Number of protein chains: 2
Amino acid sequence: MTEAVSRPTLEAVAARAGVSRATVSRVVNGGDGVREPLVTRVRQAVEELGYVPNQAARSLVTKRHDAVAVVIAEPEARVFADPFFALQLRGISKELTAHDNQLVLLLTEGRADHARVARYLAGGHVDGALVFSLHLDDPLPGLIRNAGVPTVFGGRPDWSDGTPGPVYVDSDNRGGAREAVRHLVGLGRTRIAHITGALDQTSAVDRLDGYRDIVGDADPRLVVESDFTPGGGERAMRELLDRCPDVDAVFAANDLTALGALRVLRETGRRVPEDVAVIGFDDVLPVAEQADPPLTTVRQDIEEMGRLMARLLLRGQAGRPGRPGRVGEQSADEAAAGVILPTTLIRRASA
Amino acid sequence: MTEAVSRPTLEAVAARAGVSRATVSRVVNGGDGVREPLVTRVRQAVEELGYVPNQAARSLVTKRHDAVAVVIAEPEARVFADPFFALQLRGISKELTAHDNQLVLLLTEGRADHARVARYLAGGHVDGALVFSLHLDDPLPGLIRNAGVPTVFGGRPDWSDGTPGPVYVDSDNRGGAREAVRHLVGLGRTRIAHITGALDQTSAVDRLDGYRDIVGDADPRLVVESDFTPGGGERAMRELLDRCPDVDAVFAANDLTALGALRVLRETGRRVPEDVAVIGFDDVLPVAEQADPPLTTVRQDIEEMGRLMARLLLRGQAGRPGRPGRVGEQSADEAAAGVILPTTLIRRASA
DNA sequence: GTGAAAGCGCTAACAG
DNA sequence: CTGTTAGCGCTTTCAC
């Protein structure tokens with residue numbers, strides 16, 4: 001006795017309400033132009049039968065999917081070492097949910113998966129894509145452009161060709177860096193160092209630029225390249241102390257890096273902030289708040305970034321090389337561009 | 001000139017290959033019972049046209065979706081404070097990808113979203129669900145059961161009614177706790193305390209049980225209830241020192257809690273591990289490795305948990321109260337049950 | 001083995 | 001305003 005619980009169709013609702021399928025369809029989709037008595041009758045039939053529209057059938061005719069792909073292209077485990085993506089996802093999810101769109105998550109493990117993702121996007125399974133791929137040499141953005149799907153990028157992508165700029169949402173990395181360094185200057189520090197992030201990511205480059213905006217042509221030995229990890233931060237800090245024992249402030253490219261720097265500073269007997277002031281970036285709470293001493297850092301509103309990305313896509317601000325759809329209804333002359341979210345300096349004990 | 005780039009259909013491929021739609025369909029779906037010359041010709045046409053099957057059309061007839069929902073029901077921001085879910089997602093994603101299934105992510109913000117999720121699952125948009133909902137009083141698992149979708153839970157759910165047990169994957173929280181405490185005992189500690197996690201989650205309860213398994217009826221003041229956060233860990237540690245100044249070891253319910261405990265220990269001038277040994281749980285790398293001193297902790301293979309959940313669902317081990325589908329093809333007598341993954345004690349400096 | 005034909009459940013003209 | 005009529009692109013009997 002396989003209780004074949006096949007769900008009710010439009011047909012069934014129509015029969016029960018004593019109207020045509022078309023009328024039920026109209027009611028289900030907002031019920032414009034249907035007279036009150038019928039609307040109620042249909043609504044009731046829907047209720048009684050527990051009718052839920054079959055999305056596949058609907059997509060087949062509308063060519064819409066009410067679904068958006070989120071592509072996270074980060075081979076490194078590092079992505080998962082801080083809550084960055086989790087927060088973005090939450091922001092994205094909230095916005096998509098508010099507009100009855102589903103979130104299809106596409107995680108990639110290196111290049112092997114790129115073709116798969118490109119095929120999926122080109123396959124017209126979703127109305128748009130939100131893409132995180134922050135590495136300069138990543139071929140994925142290009143592939144995605146060819147897929148002809150409206151797309152919004154998370155973080156400024158690095159396209160130097162002449163095509164109309166991609167739509168993206170980013171934090172004000174450069175401005176945030178400037179504020180951090182300015183704060184250090186305000187503290188009277190004169191030997192301000194910078195430990196960079198992985199310079200194949202625009203965020204790291206922008207933060208370095210912000211640092212340079214303030215310090216000008218300071219001693220180049222005060223800039224040490226690193227990679228956004230605590231271990232990298234340690235190595236960089238050691239090298240820094242080696243090169244410039246008189247350093248009195250460090251602006252680290254992110255909180256994890258700052259953590260590594262703090263550790264080395266402590267080991268070598270420097271007091272923070274008395275001897276060396278330290279500032280991070282991101283304001284990853286469990287890291288920044290629990291650091292010793294608690295970390296002064298530049299906060300970015302990560303969840304808001306996610307929300308905004310989704311909003312841009314749904315509003316059709318996104319580049320849409322190809323076919324139509326509810327997502328992507330922007331006017332043709334809408335200049336594709338980036339949206340930059342402000343950052344805030346959070347003062348704690350380390351600077 | 002809107003280059004209506006409407007993608008090629010089966011029809012088009014059939015025409016190009018000089019065969020019928022049915023034949024193309026067969027080839028696309030594995031190409032059994034089609035003779036070699038045709039297979040090649042069709043494959044080539046598919047290639048040339050860049051044909052990608054329309055999933056909506058396919059689902060409409062097969063009633064399969066090759067999509068799985070991942071439901072993360074965590075109102076608290078805490079979820080996002082550690083990479084737990086990110087790692088699970090990665091494991092899930094890998095497994096789903098390997099079987100050509102899509103991952104639909106459903107994040108919920110408290111009860112308001114429960115109805116939405118239940119409706120979505122009941123709506124037959126996906127072939128199954130992987131559900132994370134670790135709070136004892138959460139109504140979501142019940143709702144999902146009623147949705148009639150094959151489901152695998154992440155973490156042992158707490159159903160006390162008589163229904164056949166839900167399928168779930170969990171870490172060996174109890175065993176891991178035992179190992180941690182045993183290690184402390186082996187170190188010669190005699191006043192071993194436990195700072196619990198949020199006791200409305202089975203993981204916290206299981207870890208507490210494991211602790212008790214080893215210490216027996218030790219001084220009950222050595223157990224302090226907390227909530228898995230660093231702040232909670234601090235408060236708990238303070239209370240603990242207050243109650244039992246002679247404590248010489250602490251087993252914390254997770255790494256974040258241990259971090260808070262370490263901080264208080266340091267503040268109050270205790271040396272770790274000389275005066276007080278500390279063990280955490282989870283082995284969240286950026287936390288455990290960067291702690292001062294680096295944290296001895298119980299590692300769980302989180303990614304593997306995710307992978308296993310997906311595998312169970314795809315293999316049809318999952319409870320399936322309702323309709324058929326590729327997902328959920330288990331034999332009726334297959335005993336639904338939990339799979340418990342082993343944990344490992346990672347020795348660092350803190351104990 | 002291969003093709004022809006009948007829908008899957010829904011929306012979107014088009015009549016009435 | 002409401003109902004009728006075509007399909008959307010695909011899989012799947014069923015003949016050939």
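What you see is a predicted model, and the numbers here were worked out from it, not measured in a lab.
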### Query
If you look at every heavy atom in B/Tyr168 and B/Gly155, which pair is closest and at what distance?
CB-O, 3.8 Å
### Query
Got a sec? Which of residues 14-24 of chain B come in under 4.0 Å of DNA chain D, heavy atoms?
B/Arg21, B/Ala22
### Query
In chain order, what residues pass the side chain to side chain donor-acceptor pair (under 3.5 Å) check against B/Arg21, with sequence neighbours excluded?
none
### Message
Check this for me: does any side-chain nitrogen of one of A/Asp66 and A/Arg64 sit under 4.0 Å from a carboxylate oxygen of the other?
### Response
yes
### Task
Would you check if A/Gln55 and B/His65 make a side-chain contact, meaning some heavy-atom pair closer than 4.5 Å?
no
### Task
Please list all pairs passing the side-chain hydrogen bond (donor to acceptor under 3.5 Å, both in side chains) test where one or both residues lie in residues 117-126 of chain A, with sequence neighbours left out.
none
### Query
D/dG3 C1' sits how many Å from A/Glu11 CD, rounded?
13 Å
### Message
Between A/Gln44 and A/Thr40, is the side-chain hydrogen bond (donor to acceptor under 3.5 Å, both in side chains) condition met? List the steps.
### Response
CA-CA 6 Å; A/Gln44 187 173 344; A/Thr40 313; over 6 Å; no
### Query
At how many degrees, to 10°, do the end axes of the helix from C/dG1-D/dC16 to C/dG16-D/dC1 meet when each uses five pairs?
40°
#### Entry: DNA chain C-proximal residues of residues 34-56 of chain B, any heavy atom under 4.0 Å
B/Val34, B/Arg35, B/Leu38
### Query
Rounded to whole angstroms, how far apart are CG on B/Asn29 and P on D/dG9?
17 Å
#### Entry: Nearest-angstrom distance from the residue atom CG of B/Leu60 to C1' of D/dC10
8 Å
### Gap between atoms CG and C1', on A/Leu10 and D/dT5 respectively (whole Å)
15 Å
### Query
Sub-3.5 Å donor-acceptor pair from the side chain of A/Thr23 to the main-chain atoms of A/Val19, do we have one?
no
#### Entry: Interface limits on DNA chain C, where chain A has a heavy atom under 4.0 Å of a nucleotide atom
C/dG9 to C/dA13
### Query
Are B/Arg43 and B/Glu47 ion-paired here, with the side-chain N under 4.0 Å from a carboxylate O?
no
### Query
Would you say the side-chain atoms of B/Arg7 pair up with the backbone N or O of A/Gly123, donor to acceptor, closer than 3.5 Å?
yes
#### Entry: Toward the 5' end of DNA chain C, by each residue's nearest nucleotide, A/Arg26 or A/Thr9
A/Thr9
## Note on the structure
From CZ of B/Arg58 across to C1' of D/dC8 the rounded distance in Å is 16 Å
